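Right, one structure below, let's go through it.
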Amino acid sequence: MTTLASQTSAGRQETASTPTGISDVVFDFCGVLIDWQCAAALRGHYPDDLVDRICAVDDPYGFFDYEDRMDHGEALADILPDVRNEHGNEIADIFADYIARYDDSLTRIIPGMQALLEDLKTAGYGVWGLTNWSYETFHFAFEKFPSLKRLLDGTVVSGVEKQFKPNAGFYRLALDRFGIADPASSVFFDDTPRNIDGAASVGMHAFLFDDATHARRDLQSLGVRI
């Protein structure tokens, strides 16, 4: 399927293509289904100025890079020696503590998303999860928000598969696992542009997520009955 990235009036990227019958909707987790806040797992345990540095976009301690390695399938035990070598014992201990209390960073279900999933299920659509997430911490998502486990028909996790977004093979793996033979019958939501591009590259309809209201409108624009 040929696709063309375009911009909506709100500046949100979508995949422009001829609408076909939609049967399944696939959602990213953090930033789409779950509100993930790094600082929420650290605030109150460590000095505020240190927490601010760790959770900044230009984090000098590399927490996001180490977490990305876990999302790619590496074990915490294999990463911690690198943290110690590169940033010292104190930062390594804080990173290990952060991972141990990762559920504290999962602050809530994104407003409106549980209702959207429920409406899709009621209308008979397949509802799935596709996430870059460590196999060591993903269990926190369903333990803290069991309604998501109930509503999703299945979830593919990068840390388990050692494949990840935005690589095309990861989307193809998910489509196969979900039993979606025609990518054009599916819709994917993510809050990261490169992951939207990855989904579009395999023929999925793909929208950049900003909130549940816009996601509902995006689905309705493809003829989804909710």
Side-chain angles (χ1 to χ4, degrees), residues 1 3 13-15 22-36 64 66-76 78-79 99 102-103 105-106 109-110 113-114 116-118 120-121 124-209 212 215 218-219 222 224:
M1 181 180 71
T3 61
Q13 184 179 352
E14 67 178 72
T15 298
I22 301 299
S23 60
D24 296 88
V25 186
V26 184
F27 295 93
D28 175 37
F29 266 67
C30 291
V32 176
L33 293 178
I34 295 175
D35 187 0
W36 168 78
F64 297 146
Y66 296 128
E67 192 171 345
D68 190 56
R69 286 173 58 181
M70 293 184 68
D71 290 349
H72 283 53
E74 289 190 61
L76 174 64
D78 294 330
I79 293 171
I99 295 301
Y102 199 79
D103 57 329
S105 71
L106 310 178
I109 295 177
I110 296 287
M113 290 306 292
Q114 179 163 326
L116 177 57
L117 267 59
E118 289 172 344
L120 286 166
K121 294 280 288 185
Y125 294 96
V127 182
W128 311 92
L130 179 63
T131 181
N132 285 355
W133 201 317
S134 167
Y135 72 87
E136 293 185 73
T137 58
F138 180 72
H139 66 93
F140 286 128
F142 287 155
E143 288 171 5
K144 191 159 188 179
F145 306 110
S147 61
L148 292 181
K149 184 174 184 179
R150 171 178 58 83
L151 288 166
L152 293 170
D153 297 307
T155 298
V156 171
V157 180
S158 65
V160 174
E161 307 299 338
K162 297 190 177 180
Q163 297 189 51
F164 46 88
K165 299 175 291 183
N167 292 353
F170 191 44
Y171 300 94
R172 294 192 182 103
L173 171 67
L175 290 168
D176 181 65
R177 291 277 180 84
F178 301 156
I180 302 172
D182 180 9
S185 69
S186 66
V187 187
F188 177 64
F189 287 94
D190 200 292
D191 63 328
T192 302
R194 67 177 179 273
N195 295 340
I196 293 302
D197 293 340
S201 75
V202 302
M204 303 174 76
H205 297 273
F207 291 94
L208 189 65
F209 179 88
D218 290 336
L219 288 167
L222 296 176
V224 173

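Nothing fancy with the numbering, it's 1 onward along the sequence. As the structure is a prediction and not an experimental result, all values here were calculated from the model.
In this structure, the side chains of I180 and S185 come closer than 4.5 Å at one or more pairs of heavy atoms. Within the 4.5 Å cutoff, the side chain of N195 has heavy atoms near those of the Y171 side chain. Side-chain contact check for V156 versus F170: some heavy-atom pair is nearer than 4.5 Å. The side-chain heavy atoms of L152 and L33, taken from C-beta on, include a pair separated by under 4.5 Å.
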Quick one, F189 with F27, criterion ring-ring contact (aromatic ring centres under 6.0 Å, His included). Give me CA distance, side-chain angles, the key distance, then yes/no. CA-CA 5 Å; F189 287 94; F27 295 93; 5.6 Å; yes

So E67 and T137, side chain to side chain contact (heavy atoms under 4.5 Å, CB included) or not? Walk me through it. CA-CA 10 Å; E67 192 171 345; T137 58; 5.9 Å; no

Please evaluate residues F207 and L222 with respect to the criterion side chain to side chain contact (heavy atoms under 4.5 Å, CB included), reporting the C-alpha separation (whole Å), side-chain torsions for both, the decisive distance (0.1 Å), and the verdict. CA-CA 11 Å; F207 291 94; L222 296 176; 3.6 Å; yes

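Side-chain N or O atoms of D190 include one that pairs as donor or acceptor with a backbone N or O of T192 at under 3.5 Å. Side-chain N or O atoms of D153 include none that pairs as donor or acceptor with a backbone N or O of W128 at under 3.5 Å. In terms of modelled atom types and a separation under 3.5 Å, the side chain of E136 and the main chain of L76 share a donor-acceptor contact. Side-chain atoms of H205 come within 3.5 Å of backbone N or O of A184 as a donor-acceptor pair. Put simply, the side chain of D71 gets close to the backbone of S134: a donor and an acceptor are under 3.5 Å apart. N132 places a side-chain N or O within 3.5 Å of a backbone atom of K165 that can act as its donor or acceptor partner. Counting only distance, with no hydrogens or angles, the side chain of S158 and the backbone of W133 share a donor-acceptor pair below 3.5 Å.
In this structure, the separation between CD on Q163 and CG on L173 is 5.0 Å, given to the nearest 0.5 Å. Of the inter-residue distances, the one linking F140 atom CZ with L106 atom CG reads 8.5 Å to the nearest 0.5 angstrom. With rounding to the nearest 0.5 Å, the separation of CD1 in I22 from CG in L120 is 11.0 Å. Put simply, CZ on F178 and OG1 on T155 are 6.5 Å apart, with the number rounded to the nearest 0.5 Å.
When each of Y102, F145, F29 is paired with F138, the ring pair (Phe, Tyr, Trp, His ring centres under 6.0 Å) condition holds for F29 and for no other. Just one residue in the list L148, I110, T131, D28 forms a side-chain contact (heavy atoms from CB on, under 4.5 Å) with I34, and that residue is L148.
In terms of heavy-atom proximity, D191 sits nearest to C30 at OD1-O, 3.5 Å. Residues M113 and F209 come closest through the heavy atom pair SD-CE1, 3.5 Å. Taking all atoms of both residues into account, the shortest heavy-atom contact from L116 to A212 is CD2-O, 4.5 Å. L151 and Q114 get closest at one heavy-atom pair: CD1-CG, 3.8 Å. Residue Y135 comes nearest to G159 through the heavy atom pair CD2-O, 3.5 Å, listed as atom of the first residue, atom of the second, then distance. The heavy-atom pair separating S186 from L175 by the smallest distance is OG-CD2, 3.9 Å.
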